[in-house]
Student: 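Okay, here's the structure, questions in a sec.
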Amino acid sequence: MRRLRLALWALVGLVAAGMAAFIVTSKPPAPRMETRPADDYASTIGGPFTLVDSAGEPFSSTRLAGRPYAIFFGFTHCPDVCPTTLARLVGMREELGADSFDIVFVSVDPARDGPEEIGKYGKLFETPIIGLTGSQVQIDKVKKQFGVFSEKVGTAENYNVDHTASVFLMDVNGQFVATIAPEESRETALAKLRRIAG
Amino acid sequence: MIHRLSLRQVLTLGSALLLAACAPQKPAAEPVVEDAWARSTVEGQKMAAAYFTLRNEGETELKLTGVSTNRAGSASLHRSAVDNGVATMRPLEGGLLIEPGETIAFEPGGDHVMLEMLEKPLVEGETFPMTLEFAAAAPITLEVKIVGAGER
């Protein structure tokens, strides 16, 4: 009987020791899972591209080297979201300084947006905007590099294009840093722009 | 609490009731529009958007049913939205209800008037007339102010 009691106490001791060891060695909860995939995602955004500028000349992304930039994909016939996004970027650049970052606008509608159209459209904002277009193949490639989606809506002459709404922020080395979504506040957007701004 | 009304009180009350009965009926729905504006456009740009705020100062709900202007080939009520990160734009089918006392904003990135088939560009500093139509209120014609594309 005494032996059994001793054995039971020994068992209790073992369990207690095991629990203590578990508490001591177990780590705090793992960091939120999204950090790793986001890093992987970031490293895949961007890369070298060649498009066509408003003069009709080839435009290589190497021309952007050494300058941080905000790049947005849209189309010149876009009545609401595109001019709103560009106006917002223009306003924020005024606040951060004219040299703080470049604004790059890439057409996802090259069928209607030739160099002339993209050039005139950029001038509308009365501040330098690098307007780019290209062949459908070039546009498709750069869209893929930035993970941009676009799709024609309607078949009439005045068709609309649904497209990725976010602006991509790239640092001086052409590395992706963050996106700005339309629903984000001006303060949040400015904080992100300060991370790339020169 | 029981006391008799004096003749004067009766007369005062009576005339007040009479006045209330004769006063013009409070309009069922009373639209008030402010701050109508549009961004400037360039030659060749066929589409643009116009914005405004609309308040219902009446006592019943107001329904915005349509819009027209001679400045564009067509004008319609539209809504921009971001759906899974993608900017979309669709007609506002069936108009828009505004509750009594409610103010709704037609603003960038949201509800807007879609102007299509622009014959000539919208020039900064100019204005153009636009008419809002309602289900149970008289239409309102307002002047839309054209501002620089990057201004607001």
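Here is how names work: the chains are called A, B, and so on, in the same order as the sequence lines, proteins then strands, and each is numbered from 1.
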Student: In terms of hydrophobic clusters joined by side-chain contacts under 4.5 Å, are A/Leu64 and A/Val106 together?
Tutor: yes
Student: Within a strict 4.5 Å, meaning less than it, do heavy atoms of the B/Met117 and A/Asn158 side chains meet?
Tutor: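 A side-chain contact under 4.5 Å exists here.
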Student: More than 12 foreign heavy atoms under 6.0 Å from CG of A/Asn173: is that the case here?
Tutor: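 Above 12, so yes.
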Student: So what's closer than 4.5 Å to chain A heavy atoms on B/Met89: side chain, backbone, both or neither?
Tutor: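 The answer is both parts of B/Met89.
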Student: Most heavy-atom pairs under 4.5 angstrom with chain B, which of A/Ala165, A/Cys78, A/Ala181?
Tutor: A/Ala165
Student: Within residues 34-43 of chain B, which positions have a heavy-atom distance to chain A below 4.5 Å?
Tutor: B/Arg39, B/Ser40, B/Thr41, B/Val42, B/Glu43
Student: Can you tell me which of A/Glu94, A/Glu183, A/His163 forms the most heavy-atom pairs within a distance under 4.5 Å of chain B?
Tutor: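 With the most close heavy-atom pairs to chain B, the winner is A/His163.
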Student: Give a yes or no on whether A/Arg67 atom CZ has more than 12 heavy-atom contacts from other residues, nucleotides or ligands under 6.0 Å away.
Tutor: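 Buried by this count: over 12 neighbours within 6.0 Å.
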Student: Which region of A/Glu126, side chain (C-beta onward) or backbone (N, CA, C, O), has a non-hydrogen atom less than 4.5 Å from a non-hydrogen atom of chain B, or is it both or neither?
Tutor: side chain
Student: Answer with yes or no whether the hydrophobic clustering places B/Val82 together with A/Phe73; edges join I, L, V, M, F, W, Y residues whose side-chain heavy atoms lie under 4.5 Å apart.
Tutor: no
Student: Please classify the contact of A/Pro83 with chain B as side chain, backbone, both or neither, using a heavy-atom distance under 4.5 Å.
Tutor: both
Student: Of the backbone (N, CA, C, O) and the side chain (C-beta and beyond), which part of A/Leu124 lies under 4.5 Å from a heavy atom of chain B, both, or neither?
Tutor: both
Student: For B/Ala49, does its backbone N or O pair with a side-chain atom of A/Asp80 as donor and acceptor, under 3.5 Å?
Tutor: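 Between the backbone of B/Ala49 and the side chain of A/Asp80 there is no qualifying donor-acceptor contact (under 3.5 Å).
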Student: Select one option (side chain, backbone, both, neither) describing which atoms of A/Tyr121 are under 4.5 Å from chain B's heavy atoms.
Tutor: both
Student: Hey, which of A/Val148, A/Asn160, A/Val81 has the most heavy atom pairs under 4.5 Å with chain B?
Tutor: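 Ranked by heavy-atom pairs under 4.5 Å with chain B, first place is A/Asn160.
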Student: Under a single-linkage definition using a 4.5 Å side-chain heavy-atom cutoff for Ile, Leu, Val, Met, Phe, Trp and Tyr, are B/Leu64 and B/Tyr51 assigned to the same hydrophobic cluster?
Tutor: no
Student: Work out which heavy atom in A/Asp162 is nearest to a heavy atom in B/Thr88; give both atom names and the distance.
Tutor: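 The pair with the smallest heavy-atom distance is OD1-CA, 3.4 Å.
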Student: Which residue out of A/Thr84, A/Val90, A/Thr76 racks up the most heavy-atom pairs below 4.5 Å with chain B?
Tutor: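 Option with the greatest count: A/Thr84.
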Student: Please report the closest heavy-atom contact between B/Gly44 and A/His77, naming both atoms and the distance.
Tutor: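 Scanning both residues completely, I find the closest heavy atoms to be O-NE2, 3.4 Å.
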Student: Same hydrophobic cluster for A/Leu193 and A/Val177, using side-chain heavy-atom links shorter than 4.5 Å among ILVMFWY?
Tutor: yes
Student: Counting C-beta onward and ignoring hydrogens, is there a side-chain heavy-atom pair between B/Arg90 and A/Val153 closer than 4.5 Å?
Tutor: yes
Student: Honestly curious: do A/Val108 and A/Ile130 fall in one hydrophobic cluster under the side-chain, below-4.5 Å linking rule?
Tutor: yes
Student: Non-hydrogen contacts under 4.5 angstrom with chain A: give the residues of residues 128-152 of chain B involved, or none if there are none.
Tutor: B/Ala149, B/Gly150, B/Arg152
